[in-house]
S.K.: 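There's a structure below that I have some questions on.
In this chain, residues are counted from 1 in sequence order. Worth knowing before you read on, the calculation uses all heavy atoms, side chains too, and leaves out hydrogens, waters and symmetry mates.
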Amino acid sequence: MKGAKRRVWLIIPAIIFGFYLSRWVGMAKSFQDEFNERTGEHSSFLVIAKSFFNQNFDSELEKEYKAAGKNKQYKQVSIYYQEKDKELIPLTIETLKWAEEKTAELFGGTKNVPIDLIFMSKEDIVQDSKIEEASGYYSDFEKVIAVSVDPEYLEGILQELETPLYFFQKSILHEYAHYTTFMKIAEAETFGDLFPTWFLEGIAEYVGNDKTEVSFDSNPYEALPLKEISWDNDFHEARHAGISEPYLQSYFTVNYLIKEYGINVVDELIDRTKETEDFYVALEQLTGKPIAVFEKDVLDYYQRLDSVR
């Protein structure tokens, strides 16, 4: 009898363990399917789990570029490029140094987490980022900055002609700013999803336009309520609708914040958002203004500037 009881007590935990194991396996498979559907990959669950643990996923496209390209290391940045882009590497490193200096003004420095900078075709950037007309992008999950160089403008960049040089360097500055912003968010022990797209893009545009005067008159489009460009889908829909230019609006809003509340305002907003878990509550606390009043003050600020010029 005692032996039978022992067998019963062994069987019951085994049944319970088997039940939960099947649930875990089912959840893992569901997660794997959803992940691969969203990324267009065919990764095993072990590869996905490792990527989440390391917070660095290599897509198939990224692997192809790495395997086919050359590599140059600058601090924590691994630069992958094709032979045709070789002459751009000194200028790329010079621009990365500039990006480091400018983002350090905003964040006081962040951890040097390894990052890949890959020269890609524009078509592949659009495919990987899923953003129409994108010429560069940053993926925090993949820890990759991708930039494209139109062969038509290569010579102009190397000759440091103003317009092609500006767009080349701006792309690197912009995407590197995204990288450091997400590093700061991680160090603050909060999540990127809490921050509106206009805020993230505004920081990147602020860094990308360093040493460049951007006139408020250069944006002839309507200024949307900031909550209407708070999330990626809404932001890019507004961009393609032709009634607004959310990148410029984001730039002017973040530039206003820095001019009016000081260079540390970006850092402070990230820390306050961690505490409140609501960016707009943090913004109202810091400015002392409801969002509608804040939006009006931004427009008034630039209209006053225009009137004194």
S.K.: List the residues meeting side chain to side chain donor-acceptor pair (under 3.5 Å) with Asp85, not counting sequence neighbours, and say none if there are none.
M.R.: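 Asp85 satisfies side chain to side chain donor-acceptor pair (under 3.5 Å) with no residue once adjacent residues are dropped.
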S.K.: Can you name the ring pair (Phe, Tyr, Trp, His ring centres under 6.0 Å) partners of Tyr206, sequence neighbours left out?
M.R.: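 With sequence neighbours excluded, Tyr206 shows a ring pair (Phe, Tyr, Trp, His ring centres under 6.0 Å) to no residue whatsoever.
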S.K.: If you look only at pairs with a residue in residues 225-238, which of them pass as a salt bridge (Lys or Arg N to Asp or Glu O under 4.0 Å), with sequence neighbours excluded?
M.R.: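 Qualifying pairs: none.
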S.K.: Tell me every residue that passes side chain to side chain donor-acceptor pair (under 3.5 Å) with Thr95, counting only those two or more places apart in sequence or in another chain.
M.R.: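 Gln169.
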S.K.: Can you tell me which residue pairs pass the salt bridge (Lys or Arg N to Asp or Glu O under 4.0 Å) test with a partner in residues 161-179, sequence neighbours excluded?
M.R.: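 Counting only pairs at least two positions apart or across chains, the salt bridge (Lys or Arg N to Asp or Glu O under 4.0 Å) contacts touching residues 161-179 are Lys170-Glu205.
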S.K.: Would you please name every residue forming a side chain to side chain donor-acceptor pair (under 3.5 Å) with Asp150, sequence neighbours left out?
M.R.: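 So Asp150 forms no side chain to side chain donor-acceptor pair (under 3.5 Å) with any residue.
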S.K.: Which residues pass the side chain to side chain donor-acceptor pair (under 3.5 Å) test with Tyr301, sequence neighbours left out?
M.R.: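 Once residues adjacent in sequence are excluded, Tyr301 has no partner under the side chain to side chain donor-acceptor pair (under 3.5 Å) criterion.
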S.K.: Quick test of your reading of the model: are Asp300 and Arg304 salt-bridged, counting only N-O distances below 4.0 Å?
M.R.: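 Result for this pair is no, no salt bridge flagged.
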S.K.: Enumerate the side chain to side chain donor-acceptor pair (under 3.5 Å) contacts for residues 183-192, please, sequence neighbours excluded, ordered by first and then second residue.
M.R.: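 Matches after skipping sequence neighbours: Lys184-Asp267.
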S.K.: Could you give all pairs that pass the salt bridge (Lys or Arg N to Asp or Glu O under 4.0 Å) test and reach residues 90-108, with sequence neighbours left out?
M.R.: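 Qualifying pairs, neighbours excluded: Lys75-Glu100, Lys102-Glu105, Lys102-Asp210.
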S.K.: Could Arg272 and Glu275 be called an ion pair, given the rule that one side-chain N must be under 4.0 Å from one carboxylate O?
M.R.: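 Looking at Arg272 and Glu275, the cut-off is not met.
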S.K.: Quick one: which residue pairs count as a ring pair (Phe, Tyr, Trp, His ring centres under 6.0 Å) with a foot in residues 58-109, not counting sequence neighbours?
M.R.: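 Matches after skipping sequence neighbours: none remain.
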S.K.: Crowded around Phe279 CZ? As in, over 12 foreign heavy atoms under 6.0 Å?
M.R.: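 Yes - once you tally the heavy atoms of other residues, nucleotides and ligands closer than 6.0 Å, there are more than 12.
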S.K.: Does any pair with a residue in residues 228-249 pass ring pair (Phe, Tyr, Trp, His ring centres under 6.0 Å), and if so which ones, sequence neighbours excluded?
M.R.: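 Output for this query lists Phe235-Tyr247.
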S.K.: List, by chain and number, the other hydrophobic cluster members for Phe191, where Ile, Leu, Val, Met, Phe, Trp and Tyr join if side-chain heavy atoms come within less than 4.5 Å, directly or indirectly.
M.R.: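 None, because no other hydrophobic side chain comes under 4.5 Å of this residue.
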